[in-house]
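Down below is the structure, laid out as structure tokens.
As the structure is a prediction and not an experimental result, all values here were calculated from the model. Keep in mind that the numbers below use all heavy atoms, side chains included, and drop hydrogens, waters and symmetry copies.
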Amino acid sequence: MSTMTTQTPPSTTPAPEEGFRFRDLGKMMGGGQSTSRQFGILGSLVVIIIIFQIWTGGLTLSPGNLINVVSQYSYILILAIGMVMVIIMGHIDLSVGSVAAFVGIIVAQSMANWHFPWWAAILLGLALGALVGAWQGFWVAFVRVPAFIVTLAGMLFFRGANQWFGQSTSVAVPADFQWIGAGYLPELAVPLAFNVLTMVLAVLAVVWVVVFEVFLRRSQRKAGTEVAPVWVSVVKVVILSALILVAGWLFATGRPGTSFPISGVILLLLVIVYTFVTRNTVFGRHLYAVGGNRQAARLSGVKDRWTDFFVMMNMSVLASVAAMIYVARATASGPQDGNGWELDAIAAVFIGGAAVSGGIGTVIGSIIGGLVMAFLNNGMALLGFGADVVSMVKGLVLLLAVAVDVWNKQQGRPSLTGFITRRFSRSEEPFPTAAGSASGK
């Protein structure tokens, strides 16, 4: 008599493996080509902060210095949010500094000479940024002029427009407007030795980290992709939560009258919004699809021209936000505003894990890359290094970051971190090479 055995079909969702595996550390940032490299960049940021904390005798992590870092570099980090989307698409935008200078002088003049209230001036700046972005997006998306050429022309045109409208002079902005760039979370009438709203913001950030991780694991299961072990998620949430709470306490216990900057609040809101847009919306999926393989995306029904258009327009809108924050903090708009901003934003994106060829990059990674540059600038300034040395170091850091990306692609490896973690894992197959793929091994 023959016996019949039934086999249960395998689950489409890979079950997380139990136990410790070194390569699972790469999943702290989600895994993949871009996010694995971000894990290494995050480690580099921590190392840089520790080195400068020791070298400066504890000044780097002092409350006053952290507040200065956020206030001074928030506009660059805002630019990096838009620039990473441009670079994912395979473009580059050289005009963001000049567009910011142009928007800044118009906003300042609208309040100083046209007597606009501060809120109307902000709306004018956003509308002007959208108009400039639509102009450049039209040439890139529908005329098919390379974005490098369009934005190079924009860099020259809007720099000249800034000087023409402002007559190469500075225009002061009123105190009400300065709050968005130089203001802090207000104090509450409670007898505590720290800023309550800053700590409330830190706790809300911790809640967001926990909720984000839960939804990430749920979406990974639903999509049938590999889910990291529970211990990885727990360790990641605990580490990030501890860092957020410690940072919140430092911001909340600065000198009286200061706390977490309003510009930092704006930055955090933009990071949350754009992280959601790029990860969880149709537009975000189209963004990566077009950047990864434009022809395949087009055959799949993606309207790549409109994606190009909105990405370029979005970049100019964020440039206008950065401009208004900078002008508010500087208390005036001048002819030299925005010089070199595009280079800092591009450097932040590439250091944060974006690929030169497009299709790879994240908002969080760009923020991490921007913070690397910010703490390098800040640390060397605290130590008294001149602008020449700072510029050379920044150039070498950018060159090294892009060289690592190019070298790993030539070796057939997604990232240096991915290579290391796989070498320490016995259960992982070696990375495929061109020779191995050709021979069918």
Side-chain angles (χ1 to χ4, degrees), residues 12-14 26-39 78-93 130 133-134 136-138 140-142 144 147 208-209 211-228 233 269-318 349-350 352-369 405 409 414-415 418:
T12 57
T13 303
K27 299 172 185 176
M28 288 284 185
M29 296 291 291
Q33 295 183 34
S34 178
T35 49
S36 293
R37 184 171 161 197
Q38 290 162 27
F39 186 72
I78 290 173
L79 289 176
I81 294 173
M83 190 65 74
V84 70
M85 299 172 70
V86 173
I87 290 175
I88 288 171
M89 290 289 293
H91 300 311
I92 204 77
D93 193 334
Q136 297 197 128
F138 166 77
V140 173
F142 299 107
R144 295 297 190 185
W208 181 79
V209 167
V211 172
F212 181 83
E213 185 66 20
V214 171
F215 276 93
L216 175 63
R217 294 181 63 86
R218 184 178 300 175
S219 63
Q220 288 174 338
R221 289 194 186 95
K222 187 180 297 183
T225 58
E226 184 180 4
V227 182
S233 296
L269 291 175
L270 290 174
V271 168
I272 293 172
V273 169
Y274 279 89
T275 298
F276 177 81
V277 168
T278 54
R279 293 175 63 103
N280 302 100
T281 66
V282 173
F283 177 77
R285 289 192 288 271
H286 288 180
L287 180 74
Y288 286 98
V290 175
N293 191 323
R294 180 177 294 268
Q295 186 62 28
R298 189 180 299 162
L299 293 175
S300 300
V302 176
K303 297 180 179 179
D304 62 309
R305 293 192 177 189
W306 283 107
T307 307
D308 285 326
F309 177 83
F310 284 116
V311 164
M312 298 303 296
M313 184 171 69
N314 173 76
M315 181 71 259
S316 292
V317 171
L318 290 178
V349 172
F350 283 131
V356 179
S357 57
I360 295 175
T362 65
V363 171
I364 298 296
S366 298
I367 297 299
I368 296 173
D405 175 69
K409 285 186 177 181
S415 71

Just wondering, do [Y] and [X] contact through their side chains at under 4.5 Å, heavy atoms?
| X | Y | value |
| --- | --- | --- |
| Arg305 | Thr307 | no |
| Met312 | Met89 | no |
| His91 | Val311 | no |
| Ile78 | Leu270 | yes |

Exercise: identify the closest heavy-atom pair between Thr278 and Tyr288: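 Of all heavy-atom pairs spanning Thr278 and Tyr288, the closest is O-CE1, 3.6 Å.
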
Between Asp93 and Met315 the two heavy atoms that sit nearest each other are OD2-CG, 3.2 Å

Chi angles and distances behind the side-chain contact (heavy atoms from CB on, under 4.5 Å) call for Phe212, Arg279: CA-CA 11 Å; Phe212 181 83; Arg279 293 175 63 103; 3.6 Å; yes

Just by distance, do the side chain of Ser316 and the backbone of Met313 share a donor-acceptor pair under 3.5 Å? no

Looking at residues at least two apart in the chain, or sitting in another chain, which of them share a ring-ring contact (aromatic ring centres under 6.0 Å, His included) with Trp306? Phe142, Phe309, Phe310

ring-ring contact (aromatic ring centres under 6.0 Å, His included) partners of Phe215, counting only residues at least two apart: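 Once residues adjacent in sequence are excluded, Phe215 has no partner under the ring-ring contact (aromatic ring centres under 6.0 Å, His included) criterion.
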
Under the rule for side chain to side chain contact (heavy atoms under 4.5 Å, CB included), what residues qualify as partners of Ala289, not counting sequence neighbours?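 Per chain and number, Ala289 pairs via side chain to side chain contact (heavy atoms under 4.5 Å, CB included) with Ala297.
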
Among residues at least two apart in sequence or on other chains, which ones pass side chain to side chain contact (heavy atoms under 4.5 Å, CB included) with Asn314? Met85, Tyr274, Leu318

Look at Arg294 together with Asp308 and state whether they make a salt bridge at an N to O cut-off of under 4.0 Å.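 The answer is yes: the pair qualifies as a salt bridge.
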
List, one per line, each side-chain donor-acceptor pair under 3.5 Å for residues 280-287, sequence neighbours excluded.
unit_1 : atom_1 : unit_2 : atom_2 : d
Thr281 : OG1    : Val277 : O      : 2.4
Thr281 : OG1    : Gly284 : N      : 3.1

Applying salt bridge (charged side-chain N to carboxylate O under 4.0 Å, His left out), which residue pairs with at least one partner in residues 78-87 are found, sequence neighbours left out?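 Sorted result for residues 78-87: empty, none.
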
So if I apply the side-chain contact (heavy atoms from CB on, under 4.5 Å) rule between Thr275 and each of Ile81, Thr362, Val363, which one comes out positive?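 Only match with Thr275 under side-chain contact (heavy atoms from CB on, under 4.5 Å): Val363.
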
What's the separation between atom CD1 in Ile88 and atom OG in Ser366, rounded to the nearest 0.5 Å?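 Ile88 atom CD1 to Ser366 atom OG measures 7.0 Å (nearest 0.5 Å).
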
Quick one: list whatever passes salt bridge (Lys or Arg N to Asp or Glu O under 4.0 Å) with Arg298, sequence neighbours left out. Asp304

